[in-house]
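As a basis for the values below, the full set of heavy atoms in this structure was taken, side chains included, without hydrogen atoms, waters or symmetry mates. Letters go in sequence order (proteins before strands), and every chain restarts at 1. These numbers were taken from a predicted model, which means no experiment stands behind them.
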Amino acid sequence: MPSSTRRGLIDATETWNRRLHYYSGLYLLFFLWLFAFTGLLLNHPKWSFAEFWTNRQQSRYELPIAAPAATGDVAQAEEILRQAGIRGEIEWTKARADEGVLEFRASRPGHIYEICADLRGGRATVQRIELNAWGVTRILHTFTGVRLNDERNARDWWATRLWAFAMDAVAAGLIFMVLSSVWLWWSQKRKRAAGLAALLAGTALCGLFVMGLRWLV
Amino acid sequence: MNRRFYLALRDLHLYLGLFFAPFVAAFSVSVFFLVHAWLPGADAEADAPRVVAGLTMPAGVETLPARERVEALQRMLAEAGIGGEIGFVRYDVKAGRLAMPVIMPGREKEVVIELAARTATVRERETGVWDALVFLHKAPGPHLVDIRKNWWPMQAWHWLADGTSYLVCFISLSGIYLWVALKAERRVGLALLGAGAATFAGVVYAVVH
């Protein structure tokens with residue numbers, strides 16, 4: 001390849017790397033602000049302005065239900081939710097001991113429903129908890145529908161899947177931005193030394209926590 | 001637009017971004033493990049238990065208030081060469097025993113202290129680098145507020161985790177300023193900013209309402 005063509009290709013790639021760096025940053029901006037801000041809220045549970053649990057609204061009601069025709073815990077729970085007009089991620093809070101009773105939680109950020117359905121009696125008791133905007137915001141950070149070491153609960157609501165996909169996309173976007181920033185820095189020869197110092201210092205400090213502590217302490 | 005301010009901000013954006021880049025990458029990679037509840041190497045076996053004898057037991061450690069108790073235990077375990085963040089402490093009154101997890105990124109210990117015998121039985125498990133990322137992502141977090149950050153590296157990590165959040169805000173705001181200066185990119189950038197805002201609003205609406 002002639003050197004002028006090669007140079008042109010490198011220049012075009014660098015231009016697009018720079019463009020994609022700020023295009024992805026602009027597209028993900030609101031997601032980044034949400035996760036950065038809620039990260040701070042999670043690390044500072046004593047910030048009183050963001051208190052939400054003590055300000056929750058609770059109510060309890062009963063409603064008639066028809067015994068679900070479906071078999072299987074999730075299918076039955078989904079049918080009961082449809083009858084009750086509740087939307088949310090199903091969470092199993094206790095093992096099912098009686099085939100005639102189905103107890104589970106359905107939640108989405110800001111709304112929690114504890115449901116106890118008596119399938120034989122045709123009634124369901126619903127305890128509803130409503131959280132304020134701080135509760136909604138904070139729960140968005142951790143709303144995945146699944147937990148490590150919890151095999152019983154799986155993501156079963158489409159909106160949870162959508163939110164999980166958004167979280168994955170934001171994480172992938174951030175990784176791309178980190179890599180593209182390294183390239184952007186490297187292409188500025190005058191800033192290589194200072195940039196290298198900053199990158200190495202950050203890598204050493206982060207590496208100390210991720211890998212070093214267990215060897216040093 | 002002030003040229004000197006612009007250049008200084010561009011340098012700050014670059015160097016602070018590079019310094020915090022590994023932290024942002026660490027938080028981002030761990031997202032995949034948390035979102036998919038999957039962790040390679042999570043089923044590592046614990047080592048054979050070892051017994052540490054001759055502990056300097058603080059008087060009445062079992063009845064101290066939660067914070068004082070973990071601080072006393074932290075000092076005692078440090079003397080015995082057992083380092084890490086102490087989690088929830090369980091006190092078995094009948095057996096005269098305290099049990100607690102002692103965690104550091106990538107390594108977990110289950111420590112059982114026999115108060116009368118002044119011994120600690122330690123079961124240690126290597127949890128690996130991916131678990132370390134997940135642990136750090138969630139630390140210090142909203143739980144066990146009274147006792148968390150009882151190991152000094154976790155206090156330092158708290159500052160770094162907060163710093164990463166503040167940095168993301170600074171980098172994004174300074175990035176907007178730097179983008180606005182590029183007149184040729186304003187239209188596309190504005191379209192993407194709008195598309196991102198609409199996506200964000202749409203997804204949040206779908207999940208919350």
### Query
Just how far is it from atom CZ of B:F27 to atom CD1 of A:I175, taken to the nearest 0.5 Å?
13.0 Å
### Message
Does any backbone or side-chain atom of B:F20 lie under 4.5 Å from a heavy atom of chain A? Answer side chain, backbone, both or neither.
### Response
neither
### Query
Taking the side chain as C-beta and beyond, is there a heavy-atom pair between B:K138 and A:L42 under 4.5 Å?
no
### Query
Do the non-hydrogen side-chain atoms of A:F30 and B:L193 ever get within less than 4.5 Å of each other?
yes
### Query
Do B:V207 and A:P109 come close enough that some side-chain heavy atom pair is under 4.5 Å?
yes
#### Entry: chain A contact via B:L136 - side chain, backbone, both or neither, heavy atoms under 4.5 Å
side chain
### Message
Is the shortest side-chain heavy-atom distance between B:L173 and A:W33 below 4.5 Å?
### Response
yes
### Message
Is the ring pair B:W157/A:F209 parallel, tilted or perpendicular, if the boundaries are 30 and 60 degrees?
### Response
tilted
### Query
Take atom NE2 in A:H44; do more than 12 heavy atoms of anything else shown fall under 6.0 Å from it?
yes
### Query
chain A: which of B:G83, B:S30, B:G81, B:A197 shares the most heavy-atom pairs with it under 4.5 Å?
B:A197
### Message
Within the structure provided, determine whether A:L213 and B:R107 are in side-chain contact (heavy-atom separation under 4.5 Å).
### Response
no
### Task
Check whether any side-chain heavy atom of A:R155 lies under 4.5 Å from a side-chain heavy atom of B:V35, and answer yes or no.
yes
